[in-house]
Amino acid sequence: MNYKVGIIGCTGMVGQRFATLLENHPWFTVTALAASPRSAGKTYKEALGGRWVMKTPLPASMADMIVMDASDVEAVASKVDFVFCAVDMKKDEIRALEEAYAKAECPVVSNNSANRGTPDVPMVVPELNADHIKIIEAQRKRLGTKRGFIAVKSNCSLQSYVPALFPLSKFGVKEAAVCTYQAISGAGKTFERWPEMIDNVIPYIGGEEEKSEQEPLKIWGKIEGDKIVPATSPAFTAQCLRVPVTDGHFAAVFVRFENKPTKEEILDTWKNFSGRAQELNLPSAPKQFLHYFEEDNMPQTNLHRDLEGGMAISLGRLREDSQYDYKFVGLSHNTLRGAAGGAVLLAELLCAEHYI
């Protein structure tokens, strides 16, 4: 399999992460880079202007590629089989741009939130709800396309708790209270560019709590006719805090069940859980999706965010609670599993299942 791919929004932090992940990808070769008009016409290196923030060097194969104007849809689409989208624009502009690419028969795998609420756009965590990609047929009918469509990954903070709760659905997950502690890279920032975050916690991230409470219901939802109908339960309540950490979103989770399992049943479920991504042996899929740590002081952001290339979820401190049934903590790498890596894994799923 070899696919030509584009990165739209290549200069931002998630765009940079896409570049590093795709540099040596076994299936995907970057043949187009696109960004805003101010970057268009420059080489990727020039467009970045010293703002490369990844730990690995700028991929040599992309450094001298000329950045295209993301709004020049036909030109970008003509160079690729599909695109990854990570643009920083207003939501209605993103929706219009992604739809323009889809209508130009260029599939879009998006990191943006703009289309997550669109009923016929699948929002997929490949281990959990891979079957939702079937809605693409209905979306293509609406758009009048043969190849083009939009698929999205969910909000980055969800990855720290939804993958742990979803496999427990067999016990009837009834309610979950979640507090997320989110890294500054989730805001596209570094400590150099955001010095006020040093030695600080900010107890508000715009729009994050709404996403954290609503998006899981779409993942739990079912395809009915030409749309995905979100589930009505579990009921989620969330608080989201920005903390002085470079990468890695942490979650403290409290959960109540219809049929309370034993601690051993929960640990056994986590240990043995795998999904379609593992079944298909996709290149970016972690071998062990959920890792549980027995030690009281684990997992830790610094030690475990890069587990299995940053694509695994780390869990710990599972114990009974005095008000809920259980409580535990979860950790995910927000720009790998949570953003670009999750989108690359979704693209691999779409290719393996012949939607691209």
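Heavy atoms only: backbone and side chains are in, while hydrogens, waters and symmetry mates are out.
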Is there a side-chain contact between [X] and [Y] (heavy atoms, below 4.5 Å)?
{"X": "Val152", "Y": "Pro122", "result": "no"}
{"X": "Lys170", "Y": "Thr269", "result": "yes"}
{"X": "Pro299", "Y": "Val329", "result": "yes"}
{"X": "Leu165", "Y": "Trp220", "result": "yes"}
{"X": "Arg116", "Y": "Lys218", "result": "no"}
{"X": "Ile133", "Y": "Leu350", "result": "yes"}

With side-chain hydrogen bond (donor to acceptor under 3.5 Å, both in side chains) as the test, would you mind laying out the steps for Glu348 and His25 before giving the verdict? CA-CA 11 Å; Glu348 291 168 1; His25 195 281; 2.6 Å; yes
Between [Y] and [X], do the side chains contain a donor N or O and an acceptor N or O under 3.5 Å apart?
{"X": "Thr145", "Y": "Arg140", "answer": "no"}
{"X": "Gln159", "Y": "Ser154", "answer": "yes"}
{"X": "Glu98", "Y": "Ser110", "answer": "yes"}
{"X": "Gln278", "Y": "Glu127", "answer": "yes"}
{"X": "Ser185", "Y": "Asn334", "answer": "yes"}

Is it the case that the side chain of [X] and the backbone of [Y] share a donor-acceptor pair, with hydrogens and angles ignored and the cut-off at 3.5 Å?
{"X": "Tyr292", "Y": "Leu318", "result": "yes"}
{"X": "Lys222", "Y": "Val229", "result": "no"}
{"X": "Trp52", "Y": "Thr56", "result": "yes"}

Start with the C-alpha distance between Lys327 and Asp321, add both sets of side-chain angles, then the distance that settles salt bridge (charged side-chain N to carboxylate O under 4.0 Å, His left out), and finish with yes or no. CA-CA 6 Å; Lys327 54 191 167 189; Asp321 183 59; 3.1 Å; yes
What distance do Tyr326 atom OH and Phe254 atom CZ have between them, rounded to the nearest 0.5 Å? 15.0 Å
Inter-residue atom distance Gln182.CD - Glu208.CD, 0.5 Å rounding: 4.0 Å
Intermediate values then yes/no, side-chain hydrogen bond (donor to acceptor under 3.5 Å, both in side chains), Thr29 and Asn2: CA-CA 7 Å; Thr29 304; Asn2 205 298; 3.3 Å; yes
Exactly one of Phe28, Phe149, Tyr355 should register a ring pair (Phe, Tyr, Trp, His ring centres under 6.0 Å) with Phe82. Which one does? Phe28
By salt bridge (charged side-chain N to carboxylate O under 4.0 Å, His left out), which residues pair with Arg317, not counting sequence neighbours? none
Passing candidate, salt bridge (charged side-chain N to carboxylate O under 4.0 Å, His left out) with Asp120, options Arg142, Lys227, Lys141: Arg142
Do the side chains of Glu105 and Arg147 get close enough for a salt bridge, i.e. N-O under 4.0 angstrom? no
Ion pair Lys260/Glu320, N-O distance below 4.0 Å: yes
Could you walk me through whether Phe250 and Ser160 satisfy the side chain to side chain contact (heavy atoms under 4.5 Å, CB included) test, starting with their C-alpha distance in whole Å, then the side-chain angles of each, then the deciding distance to 0.1 Å, before giving a yes or no? CA-CA 6 Å; Phe250 223 101; Ser160 54; over 6 Å; no
Residue Gln239 excluded, over 12 heavy atoms near CD under 6.0 Å: no
Could you pull out the closest heavy-atom pair between Val243 and Met197, with the gap in Å? C-CE, 3.5 Å
